[in-house]
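Below: one structure, written as C-alpha cells.
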Amino acid sequence: MLEKAYAPRSVEAKWAALWKAKKSFHAEAKDGGERPYVIVIPPPNVTGALHIGHALNNMLQDVLIRYHRLHGRVTCWVPGTDHGGIATQSVMEKQLRAEKLTRHQVGREKFLERMQQWTRDCKSTILGQLARLGCALDLDREAFTMDEPRARAVYKAFEDLWGKGLIKRGERMVNWCVRCGTALSDIEVEYEERKGKLWHMRYPGSDGSEGLVVATTRPETMLGDTAVAVNPRDGRYAKLVGKTLTLPLMDRNIPVVADDSVDFAFGTGAVKVTPAHDPNDFEISQRHQLPSIKVIGPDGRMSAAAGPYAGLSREAARDKVVEDLGARIEKIEDHPHSVGTCYRCNQVIEPLLSWQWFVSMKPLAEPAIKALDEGRFKLFPESKGIEYRNWLVGIKDWCISRQIWWGHRIPVWYCMGCNKDVIGAGTTKEESGGFSLHQVAGAKGVISLERPGNCAACRGDDWIQDPDVLDTWFSSGLWPLAVFGWPDETKDLKYFYPTQVLVTGYEIIYLWVARMQMMGLELRGEVPFPHALIHGIVRDKAGKKMSKSLGNVIDPLVMMDKHGTDAFRFSLAVQAHLGRDIPFAEDSITGPRNFANKVWNSTRFVLMNLPETPPEGGYPLDKLSHCCLELADKWILAEYQATLAEVRKRVEAYEIAQAADALYTFLWDKFCDWYVELAKIRLAGIDGEGKEAARAVMVQVLTGTLQMLHPFMPYITEELFEALKPFAGINADSVLDSKAPALEFDWADPETSARMKALMEMVVAIRTTRSELNVPPKLKLKAFFQNGHDEGKKALIQERSDYILHLARLESLAPAADANRPAGSVTAVAAGCTFYLPLEGVVDFQKERARLEKELVDIEKQLAGIQTRLSNLDFVKRAPAEEVRKAQAQRDDLSAKKVRIRETLASLG
RNA sequence: GGGCAGUUAGCUCAGCGGUAGAGCACUGUCCUCACACGACAGGGGUCACAGGUUCGAAUCCUGUACUGCCCACCA
C-alpha cells in the first residue's frame, strides 16, 4: 500500500539508481533505420554549480527526450561541459587572489594544472546535479570542449577556415577588457546607459588664430589626438579644413580634416580624432592616413606616449587633463551616453588598437541566412528568427583571439630562427600574455596542432607558439559536430548527426546558436539542427534577474530537496512558454507539489479498488465489450483521448507549458473530480461487470496519463506506473521502456459529451443551491425534478439518477408530482430542468428568495445579450449556422430557466 | 535611431475571431471511508487607450501611451 502522501526522497533515489545501473539512457549508433532523436546539451561552463536557469534548460530537453522515447524513437542526449574561457579563468584568478597570488606568479603551466583539477571537480558537481534533476543523459558520451577529441575538432576547423582565407591576423580596433586583460568580440560587450559629461575644449590654430572647440566625453584621450574632423558641408569650419591646430598640453600640430561621418548637429560639430582609442576615430584615420598614438595601455593606465600623464589610470588622467586644460575648457554639459562593459566582469571596455585574429563572417553568414529563409532552420518562437536574421545580415568580423591562458591555444607557431628580428625581445617561450601579438606582429606563422619539426626555411627547431587562446565560443560553435567525433567520419557522426533540436536561452542566440549554424554549414554543408527551442530567463517574482549580488538566487538543489524534483520540474514546465521569462519564487512550487500529491493519491485510490493480484493480462480496454461501459466511462475516454492529442500537438510545437497544463487539467479537473467520483458508485457496489468496467477504465486512463506525464515528472510516474502496470497489462520494466498510450477506437461522441455536460450542470446547480443556503453537506436530501417538455432530459435523469444522487448528495430523486413547486422546497435550475429540494425548517426562505432574485437578474442580463445578437439579421444570415444554433440553444435554455425561477419566486409569495 | 516582445482578476500568467480562463491569494461550508498538499461553492476583470475591418474583436489591421529586451560608429 502506498503512503498517504507522496514522499519524493526515497522514490527519487530508487529510480535514479536504477536508471544509472541499467544505463537506461545509452544509445548505440546503428547502420540505418529510422533517424534517432538527438539533442546535444548546451554545455554548462565549469565555473561552479548549476543555477535555476540550467534546471529550466535541462528540464526542457529531458521532456523532449523522454517524450520522443515514449513515442518509439531511439533517443540520445549528449552531456558535456564547456571550459568557459574568461569566465572560468576569472574564477581561478579569484581563488589565487585569496592566496595573494597572480596567475603570472604561478606561471602558465602550473596555472593550467590547477585549472584542470578545478575542471574535474566542477564536472562531477554538474553531472551530479543533472542526474538529480532526472536528466536522461547518455553519460557514456560525456564530452568537454577542451578534451582531446574536441581539441582535434578545433584544430581542424581552424585549419579549414585558415585554408579558405577566412581566418586572418591584423591590427584592428578591438574591445579590450582592462580587468580580464584580453580582447573581446563585439557581442561580448554589453552596453549600459551611464551619466556622463560632454567637455567642450578649445584647440587653438597653429598660426595663433582662435582655432575651434571640440566636444568629447573622454577628455583624457585628447593626449592621443592626431586630427580634428569636421563635416565637409559645415560652413562654420570650411576655412579651417587643411589648416592645423595645436593640441593643448601636448604641443603637437594636428590637421583639420573633412569627413562625412561627422554630425554637425552634435556638440560643436568638430570631433577630436583619437585613432588608437575609438572605433570611429580609427575609421576616420584610415580614410585620411592619420597616425595612431596609443596613449592608454592594456592595463588601463596611460602609456609613455601620454608624456607627463604616463602611469596614471584612465580616471586620474581625465581629472588631471581637465584640470590642466583650465580655461581652454569652455563648457561642461551633462551627457548621458552608453558605455560598453565586459559581459564577464562588468568593467568598462577600452577600445584599443591591437593585433588580433579575426574570422571573416560575411561568407559564413550567407549560408546561414539562406538556411533560415528556406526553412531548413527555424527558431521557436518564430519572432526570434527575425532578430537572428537581422544580426546575421549586419554581421561583422569576429575577433577570436583572447589574451588569456585557459582555452585552446591558437595552433600557429613561429620559428625563432626566421623571425629573430620581428619577435620582440620581451617574449619568452613560456611566458606570454598582455600584448603578445604585438611582439609577433610581423612574424610568419606555421599552422600545426603539435610543435612542428624542423623549420622548412632555416632547418631550425626553435619554435614559439602563438601565445593567445581562442574565444571559448569558437569551440562551442563546433559542439554538435565535435561531440560525435568530427572531423573523423565516425559511425556516431553518421548516425546521430545532425541533431534534432537545440534548446537554449535567447541570451546566447548570437554568441552560440548562430555560430553553430554557420560552422555546421561551412564545415559539413548542413545545419547542425533544424530547430532551436528558445526559452527565457528565470527571474525573481519582481522580474529581476537572479544574481548573487542581489541575493535573490534560488538554488535548484535546495528546491528539489524541499519539495521534490518532480514538483520543481513541473513548476518550471508550466511556466515555460516559448521565449518568455519565468517569474519564480519558492511558492511557485506549491501548486505543482500539491499536484504531485494528487497524482499520488489518485493512483493510491485506484490501487485500493483493485484486487491484490492482477487478473491475467490485466484490465485491457479491448477485452471489454463496449456495452459494459456507461456514460461516465465513455466520457472520460473521450476526454482522455483529446488530452493525449493535445499534449502531443503541444510538445511537438515545443509548447511545453501548454502540454503540462493539459495534463494537469485533465488529471485533476476531469479524472479526479468527476470520473473517479462517479466510478465510486460502481466500485462500492457488487455489480461484477460494471465494477470491472470501471476498474478497466480507471487503470487504463490513469496509466496512460502517467506515461504522458512521465517526461515532466519522471520519478513519481515511474513509481506509480510500477504498481499499476500489471493491472494495465503492460510488461515494460519502466515507463521509460514502455510505449506511449494509443487508443484504437475513436471515443469522441457529441451525444455522450452533451449528456454528461447536462448532468454536470444539474449537479453543480444543486450543489450551488445547497451551498448558498448553507445546507449541511452531510444532510442527504430528497429531491424532485421537473423536465418541462424535454422527455429526453427526463430519461437522462432517470437513467443516471445515480450520478446526481451521489454527486449532489441526495437521498432520492423523483419526478415532481405536479407542475407546482412542492411546499417548503428550494429550487435549482439547470439544463432545462428544475430541481426541488424540500427543506422546510432547514433553510431561510428569505435567503432563498434573495438568491433567486439575484440569479434572475443575471439570467436576464445574459438573455438580453443573446437576444440582441439573434435579432440582428446580419448575424443570423452571415454567421456560421453552427454559431446561430448555439446561440439559439443558449437562448432557449436561459429563457426556460428564467420562466422556472419566476414561477418559483411567484410561489414563494 | 532601428527592430522584437509585452500591457487580460489582488499577484503571476494562459487564451489569440463567437462574447473571458488557470494557479496562487481571498470568502463561506465541510477533517464525506484517495488526497486538508483535500472537497464543494462563492466574490473579483469596460481584456492599456483611440480608430478601423467584421454579423461579431481580448483575439485581425492602423495609430498612441507606457514596460522590457535586442541591435546601432549618441564625439
Side-chain angles (χ1 to χ4, degrees), chain A residues 2 4-6 173 187 191 193 196 198-199 214-218 221 228-229 261-263 266-274 278-284 335-338 351 381 383-384 386-387 390-391 394 506-507 509-510 536-537 541 543 563 567 571 574-575 577 579-585 587-588 590-609 657-658 661 664-665 669 672-673 676-677 680 684 763-764 767-772 774-778 807-809 862 865-866 869 872-880 882-884 886-887:
Chain A
L2 301 178
K4 193 170 167 184
Y6 174 51
M173 185 63 64
I187 37 178
Y191 289 88
E193 196 72 13
L198 195 60
W199 282 268
V214 296
T216 182
T217 54
R218 299 197 55 195
T221 61
V228 167
S261 70
V262 180
D263 172 6
F266 187 91
T268 61
V271 188
K272 57 188 272 320
V273 181
T274 321
D278 183 279
N280 286 320
D281 294 5
F282 179 71
E283 285 180 19
I284 295 175
H335 179 69
H337 64 293
S338 74
S383 62
K384 296 290 174 198
I386 300 169
E387 289 177 24
N390 289 342
W391 185 78
Y506 56 71
E507 71 277 14
I509 291 177
Y510 309 141
I537 291 171
K541 273 276 157 85
H563 310 287
S571 70
V574 287
Q575 295 196 86
H577 295 281
R580 306 279 268 122
D581 287 347
I582 296 178
F584 195 91
D587 66 20
S588 303
T590 307
R593 188 267 253 117
N594 296 351
F595 178 58
N597 195 240
K598 192 74 180 176
V599 173
W600 182 264
N601 269 290
S602 51
T603 307
R604 183 162 162 255
F605 173 81
V606 170
L607 289 169
M608 281 170 65
N609 284 282
Q658 288 91 335
D661 187 64
Y664 180 101
T665 305
D669 299 351
C672 290
D673 289 351
V676 166
E677 288 308 316
K680 280 177 181 173
V763 168
V764 168
R767 284 197 241 196
T768 303
T769 299
R770 291 183 59 133
S771 173
E772 287 183 344
N774 297 324
V775 178
K778 263 182 274 196
L807 294 176
R809 308 207 122 246
Q862 285 181 55
I866 291 178
R869 198 142 57 106
N872 181 350
L873 285 179
D874 282 330
F875 171 70
V876 180
K877 216 164 54 190
R878 310 177 93 131
E882 174 61 19
E883 289 303 325
V884 178
K886 254 161 69 184

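Lettering follows sequence order; numbering is per chain, from 1.
Within the 4.5 Å cutoff, the side chain of A/K4 has heavy atoms near those of the A/R604 side chain. Put simply, the side chain of A/D278 does not reach to within 4.5 Å of the side chain of A/T221, judged on heavy atoms. Contact of the A/R593 side chain with the A/Y6 side chain is not registered, since no non-hydrogen atoms from C-beta on lie closer than 4.5 Å. With contacts defined as side-chain heavy-atom distances shorter than 4.5 Å, the pair A/K384/A/I509 qualifies. The closest side-chain heavy-atom distance from A/R767 to A/L807 is below 4.5 Å. Residues A/I187 and A/W391 form a side-chain contact, since some pair of their non-hydrogen atoms from C-beta on lies under 4.5 Å apart.
Across the P atoms, B/rC37 and B/rC31 are found 16 Å apart, a figure rounded to whole Å. Rounded to a whole angstrom, the distance from the P atom of B/rA58 to that of B/rG21 is 14 Å. A distance of about 12 Å separates the C1' atoms of B/rA9 and B/rC24, rounded to the whole Å. Distance check on atom C1': B/rC55 versus B/rA50 gives 23 Å, rounded to whole Å. The same atom, P, is picked in B/rG44 and in B/rA22; the two are 14 Å apart, to the nearest Å. Atom name C1', nucleotides B/rG43 and B/rG10: the rounded distance is 12 Å, in whole Å. One P atom belongs to B/rC40, the other to B/rG6, and the distance between them is 35 Å to the nearest Å. Taking atom P in both B/rA48 and B/rU59, one finds a spacing of 8 Å when rounded to whole Å.
Rounded to whole angstrom, the span from the CZ atom of A/R580 across to the P atom of B/rA5 amounts to 11 Å. At whole-Å resolution of the value, CG in A/N601 and C1' in B/rA39 are 13 Å apart. One interatomic measurement links the two molecules: CZ of A/R767 to C1' of B/rA41, which rounds to 9 Å at whole-angstrom precision. Remark: P of B/rG1 and CZ of A/F266 are 14 Å apart, rounded to the nearest angstrom. Regarding A/Y506, its OH atom lies at a distance of 10 Å from the C1' atom of B/rA5, rounded to whole Å. As rounded to whole Å, 17 Å separates atom P of B/rG6 from atom CD of A/Q575. When rounded to the nearest whole Å, the span between CZ of A/R770 and P of B/rU32 equals 14 Å. Taking atom OH on A/Y664 and atom C1' on B/rG23, their separation rounds to 6 Å, with Å as the unit.
Place A/R809 and A/A215 on RNA chain B by their nearest nucleotides, and A/R809 ends up nearer the 5' end. Ranked by how close their nearest RNA chain B nucleotide is to the 5' end, A/V763 and A/D661 are led by A/D661.
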If a protein heavy atom is under 4.0 Å from the base, mark B; if only from the sugar-phosphate, S; if neither, -; do that for nucleotides 42-47 of chain B going 5' to 3'.
SS----
Per-nucleotide protein contact string for nucleotides 51-58 of chain B, where B marks a base within reach and S marks sugar-phosphate only (heavy atoms under 4.0 Å, - for neither)
----B---
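Each of B/rC74, B/rA14, B/rA34 was ranked by its minimum atom distance to the side chain of A/F605; first place goes to B/rA34. Set against B/rA39, B/rC35, B/rG38, the side chain of A/D673 has B/rA39 as its closest nucleotide. Side-chain atoms of A/V262 lie closest to B/rA75 of the nucleotides B/rU32, B/rA75, B/rC35. Of the candidate nucleotides B/rC37, B/rC35, B/rC13, B/rC13 has the atom nearest to the side chain of A/P583.
Residue contacts for A/F595: at a heavy-atom cut-off of 4.0 Å it reaches no nucleic acid atom on any strand shown. Using a 4.0 Å heavy-atom cutoff across all strands shown, A/S602 reaches at least one base atom of the nucleic acid. Residue-level contact check: A/S338 touches the bases, meaning some heavy atom is under 4.0 Å from a base atom. Residue A/K4 is in sugar-phosphate contact alone, with no base atom involved, counting any heavy-atom pair closer than 4.0 Å across all strands shown. When heavy atoms are screened at a 4.0 angstrom cut-off, A/A567 is found touching no nucleic acid atom at all. Within the nucleic acid shown, A/E507 has no heavy atom closer than 4.0 Å to any nucleic acid atom. Here A/K778 lies in heavy-atom contact (under 4.0 Å) with sugar-phosphate atoms only.
Legend: residues meeting salt bridge (charged side-chain N to carboxylate O under 4.0 Å, His left out) with A/D587, ordered by chain and number and at least two apart, are A/K541. With sequence neighbours excluded, no residue forms a salt bridge (charged side-chain N to carboxylate O under 4.0 Å, His left out) with A/E507. In terms of the salt bridge (charged side-chain N to carboxylate O under 4.0 Å, His left out) criterion, A/D661 has no residue partners (sequence neighbours excluded).
Across every non-hydrogen atom of A/F875 and A/R869, the tightest pair is CD2-O, 3.4 Å. Looking at every heavy atom in both residues, A/F584 comes nearest to A/S571 through CE1-OG, 3.3 Å.
Interatomic distance, OG1 of A/T665 versus CG of A/D673, reported as 11.0 Å (0.5 Å rounding).
Cation-pi contact between A/K598 and A/Y664: absent, since separation from the ring centre below 6.0 Å together with deviation from the ring axis within 45° is not met.
For the OP1/OP2 pair of B/rG38 and a distance below 4.0 Å, the side-chain nitrogens and oxygens of A/N594 include at least one atom meeting the criterion. Phosphate proximity of B/rA34 to A/K680: present, with a side-chain N or O under 4.0 Å from OP1 or OP2. For the pair A/K598 and B/rA39, the criterion of a side-chain N or O lying under 4.0 Å from OP1 or OP2 is met.
Side-chain atoms of A/E677 and base atoms of B/rA34 include a donor and an acceptor less than 3.5 Å apart.
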Quick one: do A/F266 and A/L198 satisfy side chain to side chain contact (heavy atoms under 4.5 Å, CB included)? Show the steps, please.
CA-CA 11 Å; A/F266 187 91; A/L198 195 60; 4.2 Å; yes
Does A/Q575 form a side chain to side chain contact (heavy atoms under 4.5 Å, CB included) with A/S588? I'd like the steps, not just the answer.
CA-CA 10 Å; A/Q575 295 196 86; A/S588 303; 4.3 Å; yes
Taking Watson-Crick (N1-N3 plus N6-O4 or O6-N4) and G-U wobble (N1-O2, O6-N3), each under 3.5 Å, can you produce the dot-bracket string of RNA chain B? Use [ ] for crossing pairs and | for inter-strand ones.
((((((((.[[[[.)..(..]]]].(((((.......))))).....[[[[[..)....]]]]])))))))....
